[in-house]
There are 2 protein chains.
Amino acid sequence: MSNYKKIDVKDIEFLKGVVSDKNIFTGEDISEDYSHDELGGISNYPEVLVKVHSTKEVSKIMKYAHENVIPIVARGSGTGLVGASVPLHGGIMIDLTEMNKILELDKENLTLTVEPGVLLMEIGKYVEDQDFFYPPDPGEKSATIGGNISTNAGGMRAVKYGVTRDYVRGLEVVLPNGEILNLGGKVVKNSSGYSIKDLIVGSEGTLGIVTKAILKLLPLPKKSVSVLIPFENLEKAIDTVPKIIKSKAIPTAIEFMEREVILAAEEFLGKKFPDNSSDAYLLLTFDGNSKAQVENDYSKVADLCLKEGALDAFIVDTDERKEAVWSARGAFLEAISATTPEMDECDVVVPRNNVAEFIKYTHKLAKDFNIRIPSFGHAGDGNLHVYICKDKLDKEDWETKLKEVFGCMYKKSEELKGLVSGEHGIGYAKREFMFNQYGDEYMILMKNIKLAFDSKNILNPGKVCQ
Amino acid sequence: MSNYKKIDVKDIEFLKGVVSDKNIFTGEDISEDYSHDELGGISNYPEVLVKVHSTKEVSKIMKYAHENVIPIVARGSGTGLVGASVPLHGGIMIDLTEMNKILELDKENLTLTVEPGVLLMEIGKYVEDQDFFYPPDPGEKSATIGGNISTNAGGMRAVKYGVTRDYVRGLEVVLPNGEILNLGGKVVKNSSGYSIKDLIVGSEGTLGIVTKAILKLLPLPKKSVSVLIPFENLEKAIDTVPKIIKSKAIPTAIEFMEREVILAAEEFLGKKFPDNSSDAYLLLTFDGNSKAQVENDYSKVADLCLKEGALDAFIVDTDERKEAVWSARGAFLEAISATTPEMDECDVVVPRNNVAEFIKYTHKLAKDFNIRIPSFGHAGDGNLHVYICKDKLDKEDWETKLKEVFGCMYKKSEELKGLVSGEHGIGYAKREFMFNQYGDEYMILMKNIKLAFDSKNILNPGKVCQ
């Protein structure tokens, strides 16, 4: 594993033949940012950082790294939460953020072709300005689309619209040996051999480097309304969600939030949330093409919630109110982070009707371990974001408790037929939990697949299945 | 490749220890049906046929076959069109049609859990009776769901709802070494390692045997209306489709059909189609939850078509008319088949705005080669079903012309950024065309993936990438 070649002068010379000098960084010229992502506790510098601007450059560098057995890691905005883009073994880091062109909006095929460094927020703005819609909506809008594809990012609208995978029609990928493959395309159906495209999606930069993506778009829904529904407590709120699903309404999003997290967001943003008088809230969105239809949908669900014990139902339909609610929702992670010197997160996904039980269990853990565990997340799709906060614990206590609490949580998630990660991925941090859940045979198969792509194990080694 | 162990008395004894005697067939007791699927020209008998009734049985047989290097092929209804379930090397055939139980409808998670032998028509009826909806809608309703998953079947509703892959939440799979894996589950999101589930979907029984599936359901749309729109000729009809897509309408289905095919269906079914006076038709469906919305959608599109030169627009909203139109549509394949002693089909998928050019090209080929090439298909998703008919040609002429015509068609499809198969798969028949398009590096990767699952190459050898 560690018989990788160290970068030397000859390698730098090679790189200078591929990209211009100003795009090559070594030693102290490499910004600290590149040594980690948003996961605390794990960092390492690449030996050389290369900013690339074309698929050809990526291909040449990969081919060279393959021939010389040099580890290589691709990086976008570095907003990952599981250490997937940390260059554990040094080597070459390829920075794709300057491959950031939107290449084509094809209105007849409803596709958008982009380079991997385009930011999620840029895609949203670009297509919505032209009345199109790219549904995946993760909270972190400054992530690159390449990063979103690599983690199969989900976001708020998965209840109705699905996740990133569902919007990737085609990919251009550079394999670990430098070969360039085109997978899928603008086609809507495809039964032409194994779906390598779907294997690349969610592979966290371990099987190939995405250098171009063809995304599926939808027409922009004409009308969208959110409803904020306060409840006495979180259990009551979440218990209502399977009933909403069972009622056959299809909200775009169903988020749950606790007062503690809302207060943290108010503090963090210096802005008021429309209401913070209740302990827990559901925030739902409904979209569609006619006002009547959307109104019908949300009033049915609001009535159901009131019948189930909701305290009120606030319609969020002005731009101002929408901004207040959704900017708070978007800031939850950072807001919690600002309340504690360190934290780690659990991103499990469970069947929707088990969300309440899981959250109850985290409350029990908080009591049992005397540790703060705020949470928020996607009640409508069963994907929870649960934060274990260090607060005033000393290092040793913190590490012990964190390990124990994580152990309990992932065990509970497995009991509830959940999986380790809903949308943040496995990366470096969650491998152990995935290994435990999947067992040897499953992991051997994943390792075999990794070898099928990367016989020399040079691409992002030490991640996901290793 | 051909060093497979032949079945002997000892093997039969082993099988008798796994399933009861009445579920084991050898020699003349094996029905001719099991030697082929719906593809003409390729057939072979298994050495032994085993009807299985549980995952454990499949696992035990696979483990034994793995240890003894015996080839093994899984079979559902045998409705495939590319020879994927023909046991080229003899060995064991596992018949899954009696693993046909619907195991659970989970209304809170909107999932249906089924065994692989359940028929597509049974799933449709079962869920619709309870006001749920399983959108994938291939013409062949007597296919098993296991077969649909293995080919990533598409069907008519892919325009709005996507294909089988989009509705597979979880799979239980028996690997070639007999190990049983559970992939995915009832969860809506999943970023927990490589998506092996998505690799199994569409792998045509070469990577593992699906023994259980958890399918995603939707609430059944309350209202559905079809519109039959006649045009002067097929080019005019198909040229309208990208304009419909561009108008941001989202029909459930957009099918195209020619008069010749309609007449064949009338003859075949002994039933009249609502109109056969025009040369070409588009058949569109719109669905939704309110009458007003559906009417608004279809009248906008009907107006657009009339503006683009359509001759009329027949609303198909009574049960009787719907039955007449869609039963004809469902019978097209068999109807064409009944007009010729032999035929072969091309199932390419191209970007939606290239459908017209492809169809024009097939008309040119029909003229140039003096051969009949009727077609129909999914104009809304770019997936075409094009039939080359032998008619009165002698064997030699037929084989030569077929090869040449196929060569031209797949070349054209590649030029138009299409792919070899939209929904019928590669199986045995289309390997050459996929190899030609994908090239060596792509095929090596697929072969490596096959080896990652099946180191002894016992599972359905000679298919897809081999």
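In the text below, chain A, chain B and the rest are named by the order of the sequence lines, each starting its count at 1. Small disclaimer: the values here were computed from a predicted structure and weren't measured. The analysis underlying the following values was restricted to heavy atoms, covering all of them including side chains, and did not include hydrogens, waters or symmetry mates.
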Could you check A:Leu217 against A:Leu105 for side chain to side chain contact (heavy atoms under 4.5 Å, CB included), going step by step and ending with a plain yes or no?
CA-CA 9 Å; A:Leu217 302 178; A:Leu105 170 64; 3.3 Å; yes
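- A:Phe133 and A:Tyr161 have perpendicular rings, their planes meeting at more than 60° on a 0 to 90° scale where under 30° would count as parallel.
- Looking at heavy atoms from C-beta onward, B:Tyr442 lies out of side-chain contact with A:Asn182 at the 4.5 angstrom threshold.
- Using a 4.5 Å cut-off between non-hydrogen atoms, the part of residues 196-206 of chain A that approaches chain B consists of A:Ile196, A:Asp198, A:Leu199, A:Gly202, A:Ser203, A:Glu204, A:Thr206.
- The choice from A:Gly380, A:Gly427, A:Gly162, A:Pro351 that makes the most heavy-atom pairs within less than 4.5 Å of chain B is A:Pro351.
- Per-residue counts of heavy-atom pairs under 4.5 Å with chain B were compared for A:Lys246, A:Lys107, A:Arg169, A:Glu179; the largest is that of A:Glu179.
- A:Val350 has its side chain within reach of A:Val355: a pair of non-hydrogen atoms, C-beta onward, lies under 4.5 Å apart.
- For a residue to count as touching a neighbouring chain, one of its non-hydrogen atoms must lie under 4.5 Å from one of that chain's; by this rule B:Gln293 touches chain A with the side chain only.
- Ranking B:Asp106, B:Asn353, B:Leu183 against chain A, the residue ahead of the rest is B:Asn353, based on heavy-atom pairs under 4.5 Å.
- In this structure, the portion of A:Met434 lying under 4.5 Å from any heavy atom of chain B is its side chain and not its backbone.
- Contacts between A:Ile244 and chain B at a heavy-atom distance below 4.5 Å are absent for every atom of the residue.
- Residues B:His378 and B:Val159 fail the side-chain proximity criterion, which asks for heavy atoms closer than 4.5 Å.
- A cation-pi contact, defined as under 6.0 Å to the ring centre and within 45° of the axis, is absent between B:Lys160 and B:Phe286.
- Taking the six-membered ring for Trp and thresholds of 30 and 60 degrees, B:Phe433 and B:Tyr410 have nearly parallel ring planes, at less than 30 degrees apart.
- Remark: the backbone N or O of B:Leu459 is paired with a side-chain donor or acceptor of B:Asp454 at under 3.5 angstrom.
- A:Lys447 contributes a side-chain N or O that, together with a main-chain N or O of A:Cys465, makes up a donor-acceptor pair within less than 3.5 Å.
- At a 4.5 Å heavy-atom cutoff, the contact between B:Lys450 and chain A is made by backbone and side-chain atoms alike.
- Proximity to chain B is absent for every atom of A:Leu220, based on heavy atoms less than 4.5 angstrom apart.
- Note: A:Ser192 leads A:Ser192, A:Ala249, A:Ala452, A:Ser247 in heavy-atom pairs under 4.5 Å with chain B.
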Please determine whether side chain to side chain contact (heavy atoms under 4.5 Å, CB included) holds for the pair A:Asp347 and A:Val82, giving the CA-CA distance in whole Å, both sets of side-chain angles, and the decisive distance to 0.1 Å.
CA-CA 10 Å; A:Asp347 160 56; A:Val82 291; over 6 Å; no
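- Most heavy-atom pairs under 4.5 Å with chain A, from the set B:Leu207, B:Thr111, B:Val420, B:Thr164: that is B:Leu207.
- Proximity to chain B (any heavy atom under 4.5 Å) is shown, for A:Lys430, by neither the backbone nor the side chain.
- Using a 4.5 Å cut-off between heavy atoms, B:Leu451 does not touch chain A at all.
- Of the atoms belonging to A:Leu181, it is side-chain heavy atoms, and not backbone ones, that fall under 4.5 Å from chain B.
- Neither the backbone nor the side chain of A:Asn296 has a heavy atom closer than 4.5 Å to any heavy atom of chain B.
- Counting only distance, with no hydrogens or angles, the side chain of B:Ser59 and the backbone of B:Gly178 share a donor-acceptor pair below 3.5 Å.
- Options A:Asn383, A:Val163, A:Ile444 differ in how many heavy-atom pairs under 4.5 Å they form with chain B, and the most are formed by A:Asn383.
- Interface remark: B:Asp166 contributes side-chain atoms only to the contact with chain A (heavy atom separation under 4.5 Å).
- Once rounded to the nearest 0.5 Å, the distance linking CZ of A:Phe435 with CD of A:Gln466 reads 8.0 Å.
- Interface residue B:Arg165: only side-chain heavy atoms are found under 4.5 Å from chain A.
- Across every non-hydrogen atom of B:Lys417 and A:Val187, the tightest pair is O-CG1, 4.0 Å.
- Considering only heavy-atom pairs separated by less than 4.5 Å from chain B, the leading option among A:Ile245, A:Ile426, A:Leu445 is A:Leu445.
- Interface remark: A:Asn177 contributes side-chain atoms only to the contact with chain B (heavy atom separation under 4.5 Å).
- For chain B, the nearby part of A:Val464 is the side chain; its heavy atoms alone come within less than 4.5 Å.
- Contact detail for A:Gln130 and B:Lys248: the closest heavy-atom pair is O-NZ, 3.1 Å.
- Using a 4.5 Å cut-off between heavy atoms, A:Thr151 contacts chain B through its backbone alone, with no side-chain atom that close.
- Atoms OH and CE, on A:Tyr194 and B:Met446 in that order, are 8.0 Å from each other to the nearest 0.5 Å.
- Nearest approach of A:Gly422 to B:Ser191, heavy atoms of both residues: O-OG, 3.4 Å.
- The candidate from B:Pro242, B:Pro219, B:Gly439, B:Ser421 with the greatest count of non-hydrogen atom pairs under 4.5 Å with chain A is B:Ser421.
- When the candidates A:Asn152, A:Asp381, A:Asn448 are compared by the number of heavy-atom contacts under 4.5 Å with chain B, A:Asp381 comes out ahead.
- Between the side chain of A:Asn109 and the backbone N or O of B:Arg352, at least one donor-acceptor pair lies under 3.5 Å.
- Atom OH of A:Tyr428 sits in a sparse spot, with 12 or fewer heavy atoms from other residues, nucleotides or ligands closer than 6.0 Å.
- When heavy atoms are compared at a cutoff of 4.5 Å, B:Asn354 does not approach chain A at all.
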